[in-house]
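Take a look at the structure set out below.
Both ligands and their constituent atoms are indexed starting at 1 by order of listing.
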Amino acid sequence: MIFYFSGTGNSQWVAKTLAQKLNDQAQDIVGLNQIPSLEQEQQVGLVFPIYAWGVPESMMQFAGKLGKTTAFSFGICTCGADAGLAMKKLSKIYHLDSSYSIAMPNNYIIGSEIDDDDTIVRKLSAARAELETIAAEIGQKKCVYRVQEGKYPALKSNAINMGFNKFARTTKPFYTLDTCNGCGTCEKNCPAGAITLVNGRPVWKQQCYQCMRCIHDCPQTAIQYGKETAGRKRYHLKDYL
Ligand SMILES: Cc1cc2nc3c(=O)[nH]c(=O)nc-3n(C[C@H](O)[C@H](O)[C@H](O)COP(=O)(O)O)c2cc1C
Ligand code: SF4
Ligand code: SF4
């Protein structure tokens with residue numbers, strides 16, 4: 001079984017592509033009512049995006065509740081560039097025989113423009129090849145640590161990640177343009193349950209993962225975050241597959 005968390009589809013695509021190659025199943029951890037038993041599993045995988053050189057809170061909490069297993073266990077993070085020490089930190093919560101990072105299109109629209117089309121196509125092509133290799137290594141139960149940690153990984157995964165979780169996940173800067181038509185997509189799809197429609201317009205609570213799904217997936221491009229996101233292109237993985 002391959003468990004995944006995904007904001008904008010990159011990690012979901014990685015989990016599903018790998019599951020197909022391994023003849024396994026990919027399961028979204030959002031909305032899982034109970035922690036599944038791992039008794040019959042040959043392999044257990046955790047797939048998720050990197051947030052500020054760390055593991056998303058949702059995946060950390062899930063991994064902490066997942067039972068021990070004798071199955072081969074692996075983690076794969078998807079990131080725009082580098083993952084810092086995230087996989088090492090996760091492996092302290094849940095034993096990982098293998099850890100990988102895969103460079104995927106950057107969805108952090110609050111921080112910068114998303115990648116240009118050429119970069120997206122190049123990253124997806126490299127990711128396909130890497131998944132082929134990873135599937136073969138998992139099939140052989142080979143223990144591998146192939147993670148792009150980047151420069152100053154300890155600083156990024158400790159101090160900067162702590163700052164992100166403490167301060168940057170605020171929902172205060174979210175607002176909608178008048179093009180919002182009250183369709184409810186953002187409320188229905190928010191993995192944190194942080195959005196409620198009030199008088200036909202979204203209102204944000206505090207428990208946001210900063211997954212960026214609401215911003216990228218609003219059919220009216222009506223969701224903005226402070227001054228950062230206006231005019232920036234939204235990311236839709238399906239346009240590149
Ligand atoms: C809040 C946030 C923080 C991010 N931090 C990093 C980072 O530290 N390093 C990095 O390489 N990419 C970072 N990214 C980019 C994502 O990890 C990357 O685009 C990922 O593939 C998104 O996966 P998803 O589509 O499954 O959500 C960040 C994205 C978000 C939304
Ligand atoms: S998805 Fe966009 S248009 Fe639909 S309710 Fe949310 S903000 Fe409004
Ligand atoms: S409010 Fe938006 S960014 Fe925050 S968790 Fe929900 S969908 Fe993701």
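- Contact annotation: for Cys77 versus ligand 1, there are no heavy atoms closer than 4.0 Å.
- Here Ile195 has no heavy atoms under 4.0 Å from ligand 2, in either its backbone or its side chain.
- Near Cys190, with a cut-off below 4.0 Å to any heavy atom, the atoms of ligand 3 are 1 (S), 5 (S), 6 (Fe), 7 (S).
- At a cut-off of 3.5 Å, with distance as the only test, a side-chain donor of Tyr100 or Glu137 sits close to an acceptor on the other residue.
- Contacts between Cys214 and ligand 2, counted as non-hydrogen atom pairs separated by less than 4.0 Å, are absent for every part of the residue.
- Applying the 4.0 Å criterion to heavy atoms of Thr176 picks out, from ligand 2, the atoms 7 (S).
- The distance from atom 8 (Fe) of ligand 2 to the nearest N/O/S atom of Cys218 is not under 2.8 Å.
- When non-hydrogen atoms are compared, ligand 1 lies under 4.0 Å from neither the backbone nor the side chain of Leu237.
- Contacts between Phe164 and ligand 1 below 4.0 angstrom, taking non-hydrogen atoms only, involve the side chain exclusively.
- Which parts of ligand 2 touch Pro202 is read off a 4.0 Å heavy-atom cut-off, strictly below it: atoms 7 (S).
- Nearest protein heavy-atom neighbour of atom 8 (Fe) of ligand 2: Cys180 SG, 2.4 Å.
- For atom 4 (Fe) of ligand 2, the closest heavy atom belonging to the protein is Cys183 SG, 2.3 Å.
- Within ligand 1, counting atoms from 1 as listed, the ones closer than 4.0 Å to a heavy atom of Met212 are 31 (C).
- With respect to atom 6 (Fe) of ligand 2, the closest heavy atom belonging to the protein is Cys186 SG, 2.3 Å.
- Heavy atoms of Ala52 found under 4.0 angstrom from ligand 1 belong exclusively to the backbone.
- Judged purely by distance below 3.5 Å, without hydrogens or angles, the side chains of Tyr4 and Gln12 pair a donor atom with an acceptor atom.
- Thr171 and Gln206 share a side-chain donor-acceptor pair at under 3.5 Å.
- Looking only at protein heavy atoms, the nearest one to atom 25 (O) of ligand 1 is Thr8 OG1, 2.6 Å.
- Arg213 and Thr8 are not linked by any side-chain donor-acceptor pair at a separation below 3.5 angstrom, with hydrogens and angles left out of the test.
- Checked by distance only, ligand 1 and Ala81 come closer than 3.5 Å through their nitrogen or oxygen atoms.
- Counting atoms of ligand 1 from 1 in the listed order, those under 4.0 Å from a heavy atom of Trp53 are 7 (C), 8 (O), 9 (N).
- Residue Thr185 has at least one heavy-atom neighbour below 4.0 Å for each of these atoms of ligand 2: 1 (S).
- Nearest to atom 7 (S) of ligand 2 among the protein's heavy atoms is Ile223 CG1, 3.5 Å.
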